[in-house]
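Data first, discussion second: the structure below is written as structure tokens.
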Amino acid sequence: MARLIRVEEIARHVGEEVIIQGWVYNRTDKGKLQFLLVRDGSGFVQCVAFRKELPEAIFEQLAHIPQESSVRVTGIVRADKRAPGIPGGYEIGVTGFEVIQAAQGDYPVALKEHGVDFLLDHRHLWIRTPRQWAILRIRATVIRAIRDWLDGHGYVNVDTPILTPAACEGTTTLFETPYFDDEVAYLTQSGQLYNEANIFAFGKVYCFGPTFRAEKSKTRRHLTEFWMVEPEIAFCDLDQLMEIEEQFVSAIVQRVLEERADELRYLGRDTAALERITPPFPRISYDEALEMLAAIRAETDDPRLKQLLAIEWGQDFGSPHETELTKRFDKPLFVYGYPTEAKAFYMEPWPGRPEVCKSVDLLAPEGYGEIIGGSERISDPDLLLERIREENLPEEAFAWYIDLRRYGSVPHSGFGLGIERTVAWICGIEHVRQAIPYPRTIKRLYP
RNA sequence: UCCUCGGUAGCUCAAUUCGGCAGAGCGGCCGGCUGUUAACCGGUUGGUUGCAGGUUCAAGUCCUGCCCGAGGAGCCA
């Protein structure tokens, strides 16, 4: 009696008669021989049907089944090196075929080249194709690795609000939404301030969810809605923070290598580059980074690059700076000790150098840019108040935040890791919009 | 907000420096083929050239304005 199986476990069923439920991804018509590539959500498998081996009516139905129809296929599993699919190398010799629904009308997403705009308009269908499917499977594994690592290291998941009364950081643009009785709420751009409250109850915490930035950024690294995991740790200084970050990021990458090898292979990812991602990661200071950039500028003959890399002490790095710096390393790169003026108000000053703060960014290799921003936070209430006043932030809104430093303040640190940039880097894809199921960009709210 | 590139069939694109019958491939449909890998071969289907004006005997092509998209800068994860 044939058993229902999932394609991802097909290797365990060689020689058995099985049932696959799924959708017709592609069909190759060879006349008396039909190849169906069927996907069932867990993988893609080739089903081979010969005219002489099936009742005529069934074979005719199979030979005309439209792309993306839902079907139930019965057949014998066999190993065959020629068989395409994910995992591939196995195929099903069809003994039975049942149509659940024949797809109606032409399917828009052909197995051919399409433009970006067309694909994004059809994102609800595009995610069925193997490349997008593989990326989103890896995203799910990244998220699971994140939660498993944090849960396994004593962190408590404490969720923070998405509707907030004010900016966490005054600098970036917020999405505004009407709230009851003529009030206004903002979509969160970080759970950090709430995380800081939560560590005084739980020690080590993280929040994980969507965050929103109304920046008019149009690049391959930006979305207006993106997911971020933000751990925050009590009794933790900047050095300890970097150790946590490199352990954390390495664990995520290694987990994907273990569990999503088929998907990485399908994407054509150079896995050797990922296998190198183990602690420790190189660490350079902002000052050292500036020296490196000056050296790179001196070496290059490209006037455009010279122009792009121009930077003065006090400025934050742009994308070109990050790319050039990370080119010199084959692991993620820590850059710490940014100028205070370039960073948020809550960052602890460097001892003896108030113009520098105890911040650290983690830059991904291969030009994927900043995947983590973090810092040690100010723990002294008076200093925090002073910084809030310097930045002209509304003091009343931060009353609760200053409270945290009054009742048992401790050195503490935290960071935020951007999920889509991390997934894009691990997958080796060109744009973060493919690393989230339904990307939201400045020009796109559909589907 | 700025810079660069683009918008022609359902999709991807072509249409000759210098205006002259709007085309091909793919997809769909019909037929052929027992090992295809985005199959291949033959036939067939398919157009408000982003929008609005203007110049001209004639505009996809030239001019003006607008709309939309992409990549990048700035900002950021």
Side-chain angles (χ1 to χ4, degrees), chain A residues 25-37 44 46-53 59 63-64 66-67 78 80-86 88-89 91 93 103-122 129-131 169 171-173 189-190 192 210-230 304 307-311 315-323 342-344 361-364 368-374 415-425 430-433 435-436 441-444:
Chain A
Y25 177 65
N26 194 16
R27 175 168 51 83
T28 302
D29 182 348
K30 289 282 296 176
K32 298 187 179 71
L33 169 60
Q34 299 286 329
F35 295 100
L36 288 189
L37 195 53
F44 292 69
Q46 173 163 278
C47 303
V48 187
F50 293 95
R51 171 165 261 144
K52 65 176 184 188
E53 293 177 0
F59 185 85
H64 290 91
Q67 185 188 3
R78 60 184 174 238
D80 191 318
K81 284 199 179 68
R82 295 171 295 184
I86 305 173
E91 65 181 23
Q104 302 170 352
D106 295 348
Y107 186 66
V109 184
L111 308 186
K112 295 288 173 184
E113 202 179 321
H114 291 290
V116 171
D117 197 36
F118 177 84
L119 287 170
L120 286 173
D121 277 341
H122 295 84
T129 62
R131 192 174 165 79
E169 306 169 20
T171 52
T172 28
T173 323
Q189 53 187 353
S190 165
Q192 186 206 312
T211 50
F212 307 87
R213 309 263 167 108
E215 296 159 3
K216 297 199 169 178
S217 299
K218 283 180 56 178
T219 82
R220 69 187 66 198
R221 298 176 309 281
H222 287 87
L223 299 166
T224 55
E225 175 183 301
F226 66 97
W227 285 64
M228 187 156 68
V229 59
E230 295 177 273
R304 186 176 149 72
Q307 169 71 29
L308 279 171
L309 292 182
I311 185 170
Q315 294 179 312
D316 206 347
F317 298 130
S319 172
H321 308 105
E322 292 178 355
T323 303
K343 290 291 181 181
D361 285 355
L362 184 65
L363 310 180
Y368 281 93
E370 183 182 344
I371 53 172
I372 287 183
F415 66 94
L417 174 128
I419 301 303
E420 289 75 21
R421 284 189 186 175
T422 302
V423 171
W425 162 53
E430 54 281 2
H431 202 301
V432 289
R433 67 185 161 219
I436 187 169
T441 62
I442 178 173
K443 293 291 183 187
R444 182 165 295 279

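To find a chain, count down the sequence lines: A is the first, B the second, and so on, and within it residues start at 1.
In this model, the phosphate group of B:rU34 is not approached by any side-chain N or O of A:K30 to a distance below 4.0 Å at OP1 or OP2. Regarding contacts with the backbone of B:rG71, a side-chain N or O of A:R433 is found under 4.0 angstrom from either OP1 or OP2. Side-chain nitrogen and oxygen atoms of A:R221 include at least one within less than 4.0 Å of the OP1 or OP2 phosphate oxygen of B:rA73. Note on A:K32: a side-chain N or O is less than 4.0 Å away from OP1 or OP2 of B:rC33. OP1 or OP2 of B:rA73 lies within a sub-4.0 Å distance of a side-chain N or O belonging to A:S319. Between A:H431 and B:rG71, a side-chain N or O to OP1/OP2 separation shorter than 4.0 Å is present.
Here the CD-CG distance, from A:E370 to A:L363, works out to 6.5 Å after rounding to the nearest 0.5 Å.
Between the NZ atom of A:K443 and the C1' atom of B:rU1 there is a distance of 12 Å, rounded to whole Å. Separating the NE2 atom of A:H222 from the P atom of B:rG72 is a distance of 10 Å, rounded to the nearest angstrom. For the pair A:L111 CG and B:rA38 P, the computed distance is 9 Å after rounding to whole Å. In this structure, A:F118 places its CZ atom 12 Å from P of B:rA9, rounding to the nearest Å. Rounded to whole angstrom, the span from the CG atom of A:D106 across to the P atom of B:rC11 amounts to 12 Å. The separation between A:E225 atom CD and B:rC76 atom C1' is 16 Å, rounded to whole Å. Distance NZ (A:K112) to C1' (B:rC40): 11 Å, rounded to an integer number of Å. We find that CG of A:L308 is positioned 18 Å from P of B:rG71, with the value rounded to whole Å.
No donor-acceptor pair closer than 3.5 Å links the side chain of A:R27 to the backbone N or O of A:Q34.
A salt bridge links A:E91 with A:R78; the closest basic N to acidic carboxylate O contact falls under 4.0 Å. The residues A:D80 and A:R82 are annotated as salt-bridged, a charged nitrogen and a carboxylate oxygen being separated by less than 4.0 angstrom. A salt bridge is absent between A:K443 and A:D117: the closest approach of a Lys/Arg side-chain nitrogen to an acidic carboxylate oxygen does not fall below 4.0 angstrom. A salt bridge does not link A:R220 with A:E420: none of the charged nitrogens is closer than 4.0 Å to a carboxylate oxygen.
Within 3.5 Å, no donor on the side chain of A:D117 pairs with an acceptor on the base of B:rC68, nor the reverse. Contact of A:S217 with B:rC75 (side chain to base): a donor-acceptor pair of N or O atoms is detected under 3.5 Å. In terms of polar N and O atoms assigned as donor or acceptor, the side chain of A:Q46 comes within less than 3.5 Å of the base of B:rU36 in a complementary pairing. Side-chain N/O atoms of A:E91 and base N/O atoms of B:rG35 include a donor-acceptor pair closer than 3.5 Å. Between the side chain of A:R421 and the base of B:rC76, a donor-acceptor pair under 3.5 Å is found. For A:H114 against B:rC11, a side-chain-to-base donor-acceptor contact under 3.5 Å is absent. If you check distances only, the side chain of A:K218 never reaches the base of B:rA73 with a donor-acceptor pair under 3.5 Å.
Both A:L417 and A:K52 lie near RNA chain B, and the one whose nearest nucleotide falls closer to the 5' end is A:K52. Between A:F50 and A:V432, the residue anchored closer to the 5' end of RNA chain B is A:F50, taking for each the nucleotide with the nearest heavy atom.
Heavy atoms of A:G369 sit nowhere under 4.0 angstrom from any nucleic acid atom. Among the heavy atoms of the strands, none lies under 4.0 Å from A:H122. Within 4.0 Å (heavy atoms only), A:L223 reaches at least one base atom of the nucleic acid. Within 4.0 Å of A:P66, counting heavy atoms only, lies no atom of the nucleic acid at all. Contacts of A:D316 with the nucleic acid, taken as non-hydrogen atoms under 4.0 Å apart, involve only primed sugar atoms and P, OP1 or OP2. Contacts of A:E370 with the nucleic acid, taken as non-hydrogen atoms under 4.0 Å apart, involve only primed sugar atoms and P, OP1 or OP2.
The gap from the C1' atom of B:rA15 to that of B:rG20 amounts to 13 Å, rounded to the nearest Å. B:rG53 and B:rG71 have their P atoms separated by 33 Å, with the value rounded to a whole Å.
With a cut-off of 3.5 Å on both pairing distances, the Watson-Crick or G-U wobble partner of B:rC5 is B:rG69. Pairing partner, B:rU16: none, since no Watson-Crick or wobble contact has both distances short of 3.5 Å. Of all nucleotides present, only B:rG54 satisfies the Watson-Crick or G-U wobble test against B:rC62, with each distance under 3.5 Å.
Taking both residues in full, the closest heavy atoms of A:Q189 and A:F212 are given as CB-O, 3.4 Å, listed atom of the first, atom of the second, then distance.
In this pair, A:H122 and A:F118 present their aromatic rings tilted. The plane angle is within the 30 to 60° band.
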